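Input: a single structure, listed below in structure tokens.
Note that the coordinates shown come from a computational prediction; the quantities given were computed from them, not determined experimentally. Start at 1 and go down the list; that is how both ligands and their atoms are numbered.
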Amino acid sequence: MYEGVIQQLIDELGRLPGVGPKSAQRIAFHLIESESDVAQKLSEILLEAKAKVRFCATCGNVSESESCSICADPKRDQGLICVVEESKDVQAIERTREYRGKYHVLGGAISPIAGVGPDQLRIKSLMQRLADPAIREVILATNPNLEGEATATYLTRLLGSMEISVSKLASGLPVGGDLEYADDLTLGRAFEGRRRVN
Ligand SMILES: [Zn+2]
């Protein structure tokens with residue numbers, strides 16, 4: 001334990017996801033020992049990001065305005081909605097350049113252990129979007145792990161009776177992992193080989 005403000009900094013950094021006590025200590029000393037403008041720049045960009053970044057009113061993707069750049073793009077196919085857990089999954093799919101439709105970001109996955117049920121996810125707004133007759137297909141692209149599968153199963157049941165085609169990414173993605181860890185080629189193929197589930 002250090003005294004005073006340095007320990008407070010270590011404690012705060014240690015609360016961040018993926019940062020253990022040792023890393024927190026290393027980052028804290030790096031910030032203190034480096035040129036004064038490193039800490040200055042970091043604190044400024046943190047506050048700016050916190051103030052400016054919000055979530056798209058339509059799809060829930062990270063955005064700096066009311067609509068994210070994908071929802072605002074008239075060249076994207078309005079008839080396709082790809083359902084993902086987080087904004088980082090949108091980034092992973094965009095990298096493959098295989099998909100030209102729209103997205104819907106749930107904000108997580110169903111997890112009884114973590115106390116996350118369907119009501120905590122952006123499912124109601126998904127259903128509202130699906131009332132648009134222009135929508136032809138919903139692609140379920142949740143993570144290939146227990147929570148992601150549970151979410152996909154729930155949505156398949158929920159959407160099953162609708163006229164809209166519901167499809168799921170082809171298997172071949174590394175099981176138990178996150179979409180973001182799949183390489184672009186594998187993810188692109190999983191997209192191409194998606195199969196209808198309703
Ligand atoms: Zn959007």
Side-chain angles (χ1 to χ4, degrees), residues 17 45-111 114 116-145 147-160 162-170 173 177-182 184 186-188 190-192 194 196-198:
I45 197 71
L46 255 176
L47 293 173
E48 192 182 346
K50 184 68 186 146
K52 281 189 183 166
V53 178
R54 44 189 175 146
F55 298 95
C56 174
T58 306
C59 75
N61 191 17
V62 70
S63 176
E64 280 189 35
S65 48
E66 179 82 7
S67 267
C68 73
S69 56
I70 295 170
C71 284
D73 185 352
K75 290 201 288 288
R76 307 283 305 212
D77 188 337
Q78 312 279 338
L80 299 175
I81 293 183
C82 177
V83 178
V84 296
E85 293 179 25
E86 309 278 359
S87 287
K88 61 186 163 66
D89 303 320
V90 172
Q91 299 306 315
I93 293 165
E94 286 297 286
R95 273 201 309 271
T96 70
R97 298 172 177 277
E98 281 290 331
Y99 181 64
R100 295 299 298 161
K102 307 255 172 169
Y103 291 93
H104 193 83
V105 181
L106 293 172
I110 294 171
S111 168
V116 181
D119 292 347
Q120 274 90 53
L121 304 174
R122 301 184 69 255
I123 290 175
K124 208 183 269 176
S125 57
L126 172 65
M127 299 309 282
Q128 284 162 0
R129 288 180 76 186
L130 297 186
D132 180 350
I135 292 158
R136 311 185 302 276
E137 183 181 353
V138 173
I139 303 156
L140 302 175
T142 49
N143 285 328
N145 55 29
E147 292 81 11
E149 287 299 328
T151 310
T153 304
Y154 176 85
L155 289 173
T156 303
R157 225 175 283 150
L158 192 66
L159 310 176
M162 298 180 89
E163 291 287 301
I164 303 163
S165 163
V166 180
S167 61
K168 204 163 163 279
L169 295 194
L173 293 167
D178 281 0
L179 275 193
E180 59 173 326
Y181 300 132
D184 297 357
T186 308
L187 188 52
F191 237 92
E192 242 178 310
R194 66 184 185 265
R196 188 167 180 168
V197 289
N198 69 332

query = Is the closest basic N to carboxylate O distance between Arg194 and Glu137 below 4.0 Å?
reply = yes

task = Please name all residues satisfying side chain to side chain donor-acceptor pair (under 3.5 Å) with Lys168, sequence neighbours left out, ordered by chain then number.
result = Glu149

ask   = Does any non-hydrogen side-chain atom of Leu155 lie less than 4.5 Å from one of Leu126?
value = yes

Which donor-acceptor pairs under 3.5 Å do side chains of residues 74-88 form with protein atoms, sequence neighbours excluded?
unit_1: Arg76; atom_1: NE; unit_2: Gly101; atom_2: O; d: 2.9
unit_1: Arg76; atom_1: NH1; unit_2: Glu94; atom_2: OE1; d: 3.0
unit_1: Arg76; atom_1: NH2; unit_2: Glu94; atom_2: OE2; d: 2.9
unit_1: Arg76; atom_1: NH2; unit_2: Tyr99; atom_2: O; d: 3.4
unit_1: Arg76; atom_1: NH2; unit_2: Gly101; atom_2: O; d: 2.9
unit_1: Asp77; atom_1: OD1; unit_2: Gly79; atom_2: N; d: 2.7
unit_1: Asp77; atom_1: OD1; unit_2: Arg136; atom_2: NH1; d: 3.3
unit_1: Asp77; atom_1: OD2; unit_2: Arg136; atom_2: NH2; d: 2.8
unit_1: Glu85; atom_1: OE1; unit_2: Asn143; atom_2: ND2; d: 3.1
unit_1: Glu85; atom_1: OE2; unit_2: Asn143; atom_2: N; d: 2.9
unit_1: Ser87; atom_1: OG; unit_2: Asn61; atom_2: OD1; d: 3.0
unit_1: Ser87; atom_1: OG; unit_2: Val62; atom_2: N; d: 3.0
unit_1: Lys88; atom_1: NZ; unit_2: Glu180; atom_2: OE2; d: 3.1

query = Counting only heavy atoms not in Arg196, do more than 12 sit closer than 6.0 Å to its CZ atom?
reply = yes

Polar protein atoms near the Zn ion (ligand 1) [N, O or S; cut-off under 2.8 Å] = Cys56 SG, Cys59 SG, Cys68 SG, Cys71 SG

Pairs touching residues 117-130 that satisfy salt bridge (charged side-chain N to carboxylate O under 4.0 Å, His left out), sequence neighbours left out = none

